[in-house]
Amino acid sequence: MPTHGIGRFKYLLPKEAPKKKKERQQMKQIQAVTDTEYGTLNVKVSGYDMTVVEHYSQYIHNLCNRLGVQVEESHALPTKSTEIMVLQEQGTKMYVDAILKTHERIVQLSRLKATLSPILMEVLLKNQPEGVKLLVNQHTEADYQARFKARPELEGIIAQIN
């Protein structure tokens, strides 16, 4: 018995429109500082162990949500590699002893109340794991640009076109 075409329904569905290109992400407006609350703050977590850094930034994000602090976004910065060179005992030649990778995560907070900030900082510092650095500073446009990796070959091509 022929059963050709039984169960086929794709021809009944409307054709899907082609996908649009993603628009380039624009920088959000930086909140100004007032007397009672801070503007946009970056909580920067960095360390050599990726899992510890990731879990601590997740902890900060969840803590801020529980305390009612608005979290604008949470993202990772490109990993930085550092080579440790060692000089041989009898010679002038150096060789690579180790490669250290620094992982960084940023949790961006906005409108943090001035009365809540000392409590938040104390809780963050009490629960800070070993080997993790914590830095809180105001968000700037340079911080936004640091998120993206530089692509010199693409910039060279664009310069040739223009």
*Could you check Val96 against Ile84 for side chain to side chain contact (heavy atoms under 4.5 Å, CB included), going step by step and ending with a plain yes or no?*
CA-CA 6 Å; Val96 177; Ile84 307 296; over 6 Å; no

*Mind checking the OG-CG spacing from Ser117 to Leu67? Nearest 0.5 Å is all I need.*
11.5 Å

*Straight-line distance of Met121 CE to Gln128 CD, nearest 0.5 Å*: 8.5 Å

*asked:* Has Glu153 got a side-chain atom pairing as donor or acceptor with Ile157's backbone, closer than 3.5 angstrom?
replied: no

*Say you draw a straight line from CG of Asn65 to CD1 of Ile60; how long is it, rounded to the nearest 0.5 Å?*
12.0 Å

*Going only through I, L, V, M, F, W and Y residues with side-chain contacts under 4.5 Å, is there a path from Leu77 to Met50?*
no

_salt bridge (charged side-chain N to carboxylate O under 4.0 Å, His left out): pairs with one or both residues in residues 41-69, sequence neighbours excluded_ = Lys44-Glu104, Glu54-Arg105

*To the nearest 0.5 Å, how far apart are CD in Glu72 and CD1 in Ile106?*
13.5 Å

*Begin with the C-alpha distance, continue with both residues' side-chain angles, and end with the deciding distance and a verdict on side chain to side chain contact (heavy atoms under 4.5 Å, CB included) for Leu100 and Ser81.*
CA-CA 6 Å; Leu100 297 176; Ser81 296; over 6 Å; no

*Rounded to the nearest 0.5 Å, how far does OG of Ser110 lie from CD of Gln70?*
3.5 Å

*Gly47 to Val53 - nearest heavy-atom pair and separation*: N-CG2, 3.5 Å

_Approximate separation, where rounding is to 0.5 Å, of Ile99 CD1 and Met85 CE_ = 10.0 Å

_By the definition side chain to side chain contact (heavy atoms under 4.5 Å, CB included), identify the one residue from Leu112, Val69, Leu109 that meets it with Tyr38._
Leu112

*Counting N and O atoms only, with roles assigned by atom type, does the side chain of Tyr56 sit under 3.5 Å from a partner on the main chain of Leu124, one being a donor and the other an acceptor?*
yes

*Identify the heavy atoms of Ser57 and Val107 that sit nearest to each other, and give their distance.*
O-CG2, 3.8 Å

Kindly list each side-chain donor-acceptor pair under 3.5 angstrom involving residues 134-141, sequence neighbours excluded, with atom names and distances?
{"unit_1": "His139", "atom_1": "ND1", "unit_2": "Asn42", "atom_2": "OD1", "d": "3.4"}
{"unit_1": "His139", "atom_1": "ND1", "unit_2": "Asn42", "atom_2": "ND2", "d": "3.1"}
{"unit_1": "His139", "atom_1": "ND1", "unit_2": "Gln108", "atom_2": "NE2", "d": "3.2"}
{"unit_1": "Thr140", "atom_1": "OG1", "unit_2": "Asp143", "atom_2": "N", "d": "3.4"}
{"unit_1": "Thr140", "atom_1": "OG1", "unit_2": "Asp143", "atom_2": "OD2", "d": "3.3"}

*asked:* Can you pull out every side chain to side chain donor-acceptor pair (under 3.5 Å) where at least one residue sits in residues 85-101? Sequence neighbours excluded, please.
replied: none

*Is it true that a side-chain atom of His55 and a backbone atom of Thr51 form a donor plus acceptor pair closer than 3.5 Å?*
yes

